[in-house]
Amino acid sequence: MTTFIELLVNGVSIGSVYALIALGFVIIFKATEVVNFAHASLLLVGGYVIAVLHEDLGFWLALVAGVAVAAVVGALVEFCVLRRSRAGDQHVLAIVTIGVDILLTTELTRRIGTDVLAMGDPWQSQVVQIGGISIAQTRIAALVTAATLITCFLLAFRYTSWGIAMRAAAEDRETAALMGVRLSRVSMGAWAVAGALAAVAALFLTVFPTPGLDRSTSLVALKAFPAAILGGLDSTTGALVGGLIIGLAESLAAGYQNDVTFLGRGIGEVVPYLVMIVILLIRPAGLFGTRELARV
Amino acid sequence: MSSALSRALRPTVIAAVAGLVVMLVIPFYAEPFLLQAGLFAMAAAIGAIGLNLLTGSTGQLSMGHAFFLAVGAYGYVYFAGDSGHELSGLGLPTPLAAVLAVVLAGLAGGLFSPIAGRLRGTYLGIASLALIFIGQHILHNAHAITGGANGRDVPPLELAGFSFADTPELVVFQVPLRALEKLWFLALLLLLAAAWVARGILRGRPGRAMGTIRDHEIAAGVMGVPVARYRAGVFVLSSMYAGLAGVLLAMAFRRTVPDYFGIILSLEYLAMIVIGGLGSVAGAVAGAAFVSLLPPLFTRYGDGLPLIAAPGAEGVSPAEASRILYGAAVVAVVLFFPGGLLGVWGRVRASLAARRTSHPLTRMEPEEQPT
C-alpha cells in the first residue's frame, strides 16, 4: 500500500512537470496554430544553461538565467524562422520546427557529450517521511512549483490584457487583428512563455532521482507530446489532465514492472505512448479538444 | 525527324540515360567506401519515396517511418535466419524472406490504419511517434527474434544460386565484384522499380485522389474519393516501401542493431522529403542522396574542411556537422525555396526556357495562381 501511495505521489509530481511542458506546447498551438516539434530542444536549452551556470552564479540565479535564455530562444525561433516563412500551411511550419529541433538538439547534445550534468539544486537527494511514506524533496518541490506556475498562468490567461489578447487570437485571428490585437506580439509572447515553462520543467526532469542532464533528456521531454495530444491540442485543461495521466501511468508502470515482466524491461518508457494511442482511438481529438467542425 | 526519335532525344531522357549509365559504371571503379555510402543512399531513397507518398502527396505527417524500416530489416533477418541457441529464425529461402519482410511491414502499417485513418495532421504525426518507442521497446526486449541490444547478423541474399556475398567473387570485365558491388546493382534495380511504381501511382487516378485529400479532405469526399480507405491504403503502401528499404539496409549493414531505428532516423526521412521536394518521386531521391551522403562524405573528406573534427576528437564530428547542415537545410528550404531541391531545379529550367523563347509568357495574376 505504501508503495502504491509513493508511486501515486511521484506520478502526480512528474505528471505536473509534463503538464508544464504540455502547457507550453498548447499555448503555442493556440496562439499560432503551429505544432512545435522543437519543444524538447527548448527544454534542453533551459536545462543546459542552468547546469552550466549554477557553479558560478549559484542555483537560483542560474535558474533565472536558464528560464530567460529558453524564453529568448523561443522568441527568436518565432521571430527569425516562423515569421519569415512564406508558407501558410501549418503542416509545413510544423516541419520547420522539426528542422529547428534537429539544429538545436544536435548542437546541445554535442556540447553535453557523454557527461551527466548536475543541476546544483538545493534539495539534492533528501527524502521527507510523511506517515511512513518517503518522498523525495525534489518531487514535492516539482509539484508545488508546477502547481504555482500553472495557477499563475491560468489567472494571467483569464484576467490580464495579455491573456485576453491571446484568447482572442486563438478564437479568431482575423477579428482579433481587426480589434487591435498585435498578432506578432501575441505569438512571440506565446513562444517565450512556452520556452520559460520548458526550462522550469527541464530542472525538475533532471534532478533527483534522475542522475542529471544528459543527452537523453530530450527523449524524456518527448513524453509531453502524448500528454498534450491526449488532452486535446487546443485545450489548456487538456494539457493538465494529459500531463497527470501520463505521469501516473508512467510511474505506476515503472513501479510495478516486476509484476509484469512478460512485457519486457523498461515498460515505463512505453506506457505513455500506449495510453495515448488507446485514448486517441476512442476520442480522435483528445479528451478536451474541440472536434473540428467543417463548413462546406 | 520522326516524333519517336525527337521524343527519345529530349534533354530529360538523355539526362536519365546518362545518369543510369553512370550508376551502372560506378561499381567498376569506385572504392568500397563510396559504394557503401551509395548503397545506403539508394535504400534511403526507396524509403523516402514511400514517406513522400504518405506525407508529401497525401499530407499525412508520419514520424514513425523508422519503425517500418525496422520491421522490414528485422523481418528479413528473422525469416531468413537460422535458429541457433538463444536466437530463433525460420530459415526460409532468402528471396522469399525478403518478400515476406516487405509484406510484414505492410501488415504492420495496416494494423496501424485504424489510427492512421482516423486522426489527421498533427494528431497522426504525434501518434505515429508512439510507433518509434513501441518499436524500440520490442527490439530491445524480444531477444529471441531481434537479438536484443546487440542485434543480429543478416544472412546474405541468395537468388537462384547467385549469392550476394563476398564469396564467391564474380569477375566481370576483369573487375572482381564482391557483395557491395552486387548489392549495388540489386539496389539500383529495386530503386528504379520503386520509383516507377510510385510515379505511376502519382500520375494516375490514385495520385489525383491523394492530392485532393491533401488539399481538401472534405472536397475529396464530396467528389467521391473514399477518403478513409485511401488514407489507410497509402499508409500500408508507404510502410511497404519502408520495409523494402529496411531489407536493403539490413543487407548493406550485414548486422541490424535497434539503436539505428530511433527517432533520429524518422526525422532524417522527413528532412529528406522536405529538402528534396514534397510530393515528388525525384525530390525524394534527391533529398535521400543529400541527407544520407553527407555524413560519409564528411567523414571521408572532412579533414580538408574547417570546423569539422575527426571522429572522437574535440569539436564537431562529421555526423553532427551533417545533422546541423540538413537541419539548417530544412529550415532554409521552407523559408526560401518552397518546393525543395526539385523546385530550385524547376525554376532554373523555367528561367532557361524563358530566355530561349524570347517572347514573354503570359502569366496569371497572383490571385489566379493555383495554390
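In what follows, every heavy atom counts, from backbone to side chain, and hydrogens, waters and symmetry copies are set aside.
Put simply, the residue from A:L230, A:L280, A:L222, A:I229 that forms a side chain to side chain contact (heavy atoms under 4.5 Å, CB included) with B:I126 is A:I229.
Within a 6.0 Å radius of CG in A:L219, more than 12 heavy atoms belonging to other residues, nucleotides or ligands are found.
In this structure, CZ in B:F133 is found 9.5 Å from CE in A:M276, a value given to the nearest 0.5 Å. For the atom pair CZ of A:F225 and CE of B:M63, the computed distance is 7.0 Å after rounding to the nearest 0.5 Å. Here A:T109 contributes atom OG1 and B:R323 contributes atom CZ; the two are 6.5 Å apart, rounded to the nearest 0.5 Å. Expressed to the nearest 0.5 Å, how far CD of A:E107 lies from CD of B:E320 amounts to 8.0 Å. Atoms CD1 and CG, from A:I98 and B:L61 in turn, are 5.5 Å apart once rounded to the nearest 0.5 Å. Rounded to the nearest 0.5 Å, atoms CD1 (B:I275) and CD1 (A:I95) are 11.0 Å apart.
Of the possible donor and acceptor atoms, one in the side chain of B:Y123 sits under 3.5 Å from a partner among the backbone N and O of A:L233.
Closest non-hydrogen pair, B:L335 versus A:C80, comes out as CD1-O, 4.2 Å. Here the closest heavy-atom approach between residue A:G99 and residue B:V331 is recorded as C-CG2, 3.9 Å.
Between chain A and the options B:G262, B:G327, B:P114, B:A329, the largest number of non-hydrogen pairs under 4.5 Å is found for B:G327. Interface check for chain B: of the options A:T97, A:L104, A:D101, A:V270, the most heavy-atom pairs under 4.5 Å are formed by A:V270.
Considering only heavy atoms from C-beta on, B:V330 stays 4.5 Å or farther from A:V96 through its side chain.
Heavy-atom distances place both the backbone and the side chain of B:I134 under 4.5 Å from chain A.
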